[in-house]
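Note that the structure is predicted; figures quoted are calculated from it, not measured. Nothing fancy with the numbering, it's 1 onward along the sequence. As a basis for the values below, the full set of heavy atoms in this structure was taken, side chains included, without hydrogen atoms, waters or symmetry mates.
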Amino acid sequence: MNPSRSEIAAFVEGCLAGVFRPEPDEEIWEWAERCLRIPATENAEMAGQLWSSYYSPYVREIMEWVKRPGKGEMFVKKSSQVGITMAALIIICWFIVHRGGAIGYAIDTVEEARRISKTRLQQWLKQNKILDELGEDPDDVSNLTFYLSGITVYMMGAQSGTTFQNKSTVLFILDELDEHAFIEGGGTTTDLARDRCKVPKNAKLLGFCKPGKSGLITKEHAAGTCEEIVFPFPCGHRQALNWDRMIFGTDEFREHPELDLEDGQDAPYNLEKVKADTYFECEVEGCECRLFDHQKMKLMQDFASVPTNVSAMPGVRSMHIWDAYSSFVTFGELALEWIKAQGDDAKIQAFIRGRRGMHYEESGGAVTESELLDLRGAYKRGTCPTGIKVGILGMSVDIQDELLLKATKAIYTPEGIRYVIDWGVFVSFEDLVEWADMPLHTPDGPMVVHAGFIDEGNDKEDVRRFALAHPGRFHALKGRGEGQIKGLLTKSESWMEGRVVETYHIDDNSFKWKLLKSLRRGQYSESHQKQIRKTYLPYDVINDENFLDELTKEVPVRKLNKYGAMAWGWKKTGANDWWDTLKYLDCLYFLYEPRIKAIHFPEEVA
């Protein structure tokens with residue numbers, strides 16, 4: 001496809017940018033503090049106030065780097081609330097006023113690019129009358145492309161390589177980099193952006209995001225200078241905010257730490273004290289200085305960005321900034337969020353990526369038969385353990401190509417402990433229902449299966465009819481939905497025989513890791529075990545070698561992904577149907593957990 005006249009003009013402007021235009025003698029952040037007021041869409045409480053770098057002083061480093069002569073790249077491995085996207089929008093505003101050329105801003109989808117343009121960038125321009133003062137026509141600003149005198153701004157979705165073509169840029173910004181790391185047939189988005197920055201004299205490439213599954217931001221960050229934000233603590237010692245120096249788990253933050261608790265458990269947290277008094281300890285040996293949250297912003301004004309990688313690629317800078325540096329969240333709030341995440345792998349991953357700005361790395365290893373035998377409890381197959389409280393008696397079914405139904409029953413206690421009760425192979429849905437309706441004698445009286453997931457497999461129509469015939473009890477499930485869903489479990493609706501049928505889609509990878517850790521729980525450290533679901537198998541499970549064997553056939557392996565980074569994948573080494581049924585049972589408990597908690601722990605839920 002031939003480029004349009006406007007695209008050719010923008011390409012030429014990009015090539016000439018930075019060659020003839022003199023720069024003002026002040027930094028971008030100084031200009032912004034003097035000229036830019038915050039729009040209400042950015043921060044309702046601060047709307048109309050002049051923007052200040054006081055609340056995120058580290059962005060000065062990024063803004064000063066962008067303005068310096070010469071080509072360069074910078075990658076920021078960041079957390080959720082450190083103000084980097086806002087800083088990028090301010091940089092674009094400065095370019096519109098002071099420097100010609102073309103700018104590219106790419107984010108994961110065109111819909112998100114349109115949202116950023118409409119609700120954020122355009123609001124900065126309107127709030128500060130930038131276009132009016134430059135004599136520009138507001139009609140020249142569309143949702144995605146701004147054609148202005150001497151400059152063009154492209155807001156684009158990065159899902160297609162064609163969006164990068166015919167655009168020579170003085171600045172290319174890659175937001176949410178790990179969410180759009182690779183374009184089929186085009187390579188990584190960082191390489192495509194580099195191609196757009198080859199010609200202009202002072203072109204810069206700025207990429208940033210929370211670390212995601214692709215691992216691209218982690219790879220690019222590691223190739224750069226790996227700078228840390230250091231500043232003086234009250235004692236005068238200059239240092240970074242490191243997670244392992246954040247103190248909130250010692251006896252001073254516990255309720256009655258002097259009491260001996262069963263099973264080596266820690267005394268419960270005094271959450272009010274955690275929220276109020278969490279601090280960072282000085283890293284210098286012998287220094288007892290403490291940095292509290294109310295002190296950090298004033299002291300951080302004297303920050304420095306210090307490189308730690310002596311083997312950095314020439315011209316590539318990188319930084320790590322996490323939420324402990326943020327003015328929008330306190331040390332105590334971070335500590336509380338971490339405490340509440342314990343026992344939930346998904347929340348722990350979200351905290352490590354979203355709050356700490358770190359790549360979450362799983363630890364692999366195949367399940368062994370000896371590890372499974374270590375999970376045996378003091379009960380027989382087909383019976384309920386004594387002395388337990390039943391949260392839900394669930395069932396899951398994996399359908400085979402020959403239309404055999406492999407099903408497993410399990411009890412989950414209100415705390416989420418799993419007791420595998422029984423398993424079997426059936427030839428019809430009628431047999432399956434009969435088995436589900438067989439009473440199990442529990443401490444709370446006879447019970448039948450409360451609910452179940454049926455994997456659609458290659459029998460979608462029959463499974464959905466079965467779910468329609470048993471509304472609210474049995475649900476259709478479609479596995480391996482990681483690429484189609486955003487959460488761990490997502491529901492879709494379709495029509496069948498004039499009725500709405502619901503199908504659940506799972507993040508297959510996440511539930512595989514949950515199950516693997518649960519089956520290998522004894523191989524983790526004592527502190528890590530507290531975060532992993534307990535699973536128990538009947539004592540006589542050893543009599544079914546096939547059941548045990550299939551639980552060992554899903555193996556995590558390390559391999560090079562399409563982004564050029566090492567990542568975990570999965571290898572099936574044999575039939576793994578019973579493994580799948582346990583995985584689907586975890587999905588079932590995830591679905592029903594809120595209702596179970598509301599019944600058994602109403603005060604905690606409130």
Practice item. Kindly compute the distance separating CD (Gln81) from CG (Asp323), expressed to the nearest 0.5 Å. Key: 5.5 Å

Exercise for review: Mind checking side-chain hydrogen bond (donor to acceptor under 3.5 Å, both in side chains) for Arg115 and listing every partner two or more places apart, or none if nothing turns up?
Suggested key: Glu112

Exercise for review: Would you name the heavy atoms of Gly83 and Val59 that are closest together and state the gap between them?
Suggested key: O-CG1, 4.2 Å

Check your understanding: What distance do Cys289 atom SG and Glu283 atom CD have between them, rounded to the nearest 0.5 Å?
Key -> 11.5 Å

Point to revise | Side-chain heavy-atom pair Asn242, Glu228 within 4.5 angstrom cut-off | key: yes

Exercise for review: State whether a side-chain donor-acceptor pair under 3.5 Å links Gln295 with Arg290.
Suggested key: no

**Study point:** Validation row: Glu337, Arg355 side chains within 4.5 angstrom (heavy atoms)
**Key:** yes

Exercise for review: Determine yes or no for a side-chain-to-main-chain donor-acceptor pair under 3.5 angstrom, with Ser79 supplying the side chain and Gly357 the backbone.
Suggested key: no

Check your understanding: Do Arg34 and Glu26 sit within salt-bridge range, that is, some charged N less than 4.0 Å from a carboxylate O?
Key -> yes

Check your understanding: How far does NE2 of His320 sit from OG1 of Thr308, to the nearest 0.5 angstrom?
Key -> 11.0 Å

Check your understanding: Taking atom types as modelled and ignoring hydrogens, do the side chains of Trp51 and Glu33 form a donor-acceptor contact shorter than 3.5 angstrom?
Key -> no

**Study point:** Backbone of Gly70 reached by a side-chain donor or acceptor of Lys204 within 3.5 Å
**Key:** yes

Practice item. Check whether any side-chain heavy atom of Leu299 sits under 4.5 Å from a side-chain heavy atom of Phe233, and report yes or no. Key: no

Check your understanding: Does the side-chain contact (heavy atoms from CB on, under 4.5 Å) test come out yes or no for Cys282 and Glu288, once each step is laid out?
Key -> CA-CA 7 Å; Cys282 179; Glu288 298 182 357; over 6 Å; no

Exercise for review: Count the heavy atoms belonging to other residues, nucleotides or ligands that lie under 6.0 Å from NZ of Lys71, then report whether that count exceeds 12.
Suggested key: yes

Point to revise | Test item: Thr330 side-chain N/O and Glu333 main-chain N/O as donor-acceptor pair under 3.5 Å | key: yes

**Study point:** Verdict with supporting geometry, Glu227 and Arg317, salt bridge (charged side-chain N to carboxylate O under 4.0 Å, His left out)
**Key:** CA-CA 8 Å; Glu227 297 169 31; Arg317 294 184 63 182; 2.8 Å; yes

**Study point:** Distance-only side-chain donor-acceptor flag, Gln122 / Ser117, under 3.5 Å
**Key:** yes

Review point. Charged N to carboxylate O below 4.0 Å: is that the case for Arg194 and Glu73?
Key: yes

Exercise for review: Could you pull out the closest heavy-atom pair between Gly215 and Asp178, with the gap in Å?
Suggested key: N-OD2, 3.6 Å

Check your understanding: Are any non-hydrogen side-chain atoms of Phe75 and Leu216 less than 4.5 angstrom apart?
Key -> no

Practice item. Say whether Thr169 and Arg196, considering side chains only, have a donor N or O and an acceptor N or O under 3.5 Å apart. Key: no

**Study point:** Inter- and intrachain pairs under ring pair (Phe, Tyr, Trp, His ring centres under 6.0 Å), touching residues 276-308, at least two apart
**Key:** Tyr279-Phe292, Phe280-Phe331

Check your understanding: Between NZ of Lys514 and CG of Asn509, what distance do you get to the nearest 0.5 Å?
Key -> 11.5 Å

Point to revise | Check: Trp513 and Trp570 side chains under 4.5 Å, non-hydrogen atoms | key: yes

Check your understanding: Salt bridge between Asp251 and Arg254, side-chain N to carboxylate O under 4.0 Å?
Key -> no

Exercise for review: Supply the atom-to-atom distance Glu255 CD to Asn270 CG, rounded to the nearest 0.5 angstrom.
Suggested key: 4.0 Å

Review point. Listed by chain and number, what are the side-chain hydrogen bond (donor to acceptor under 3.5 Å, both in side chains) partners of Lys275, not counting sequence neighbours?
Key: none

Practice item. For Lys296, enumerate each residue passing the salt bridge (charged side-chain N to carboxylate O under 4.0 Å, His left out) test, keeping only those at least two apart in sequence or located in another chain. Key: Asp293

Review point. By salt bridge (charged side-chain N to carboxylate O under 4.0 Å, His left out), which residues pair with Asp175, not counting sequence neighbours?
Key: none

Review point. Which distance, rounded to the nearest 0.5 Å, do you find between the CD1 of Ile91 and the CH2 of Trp65?
Key: 8.0 Å

Exercise for review: Assess the side chains of Thr190 and Glu220: does a donor N or O sit below 3.5 Å from an acceptor N or O?
Suggested key: yes

Review point. Is Arg356 close enough and on-axis enough to Phe351, meaning under 6.0 Å and within 45°, for cation-pi?
Key: no

Review point. Does the pair Arg245 and Glu281 meet the rule for a salt bridge (charged side-chain N to carboxylate O under 4.0 Å, His left out), with working shown?
Key: CA-CA 6 Å; Arg245 295 283 179 179; Glu281 64 178 3; 3.2 Å; yes

Practice item. Could you tell me whether the side chain of Cys209 reaches within less than 4.5 Å of the side chain of Val76, counting heavy atoms only? Key: no

Review point. Under the side-chain contact (heavy atoms from CB on, under 4.5 Å) test, which residues partner Thr250, sequence neighbours left out?
Key: Ile247, Glu252, Phe253

**Study point:** Verdict with reasoning, Trp243 to Trp338, per ring pair (Phe, Tyr, Trp, His ring centres under 6.0 Å)
**Key:** CA-CA 11 Å; Trp243 170 254; Trp338 175 250; 5.5 Å; yes

Practice item. Would you confirm whether Tyr325, through its side chain, and Leu241, through its main-chain N or O, come within 3.5 Å as a donor-acceptor pair? Key: yes

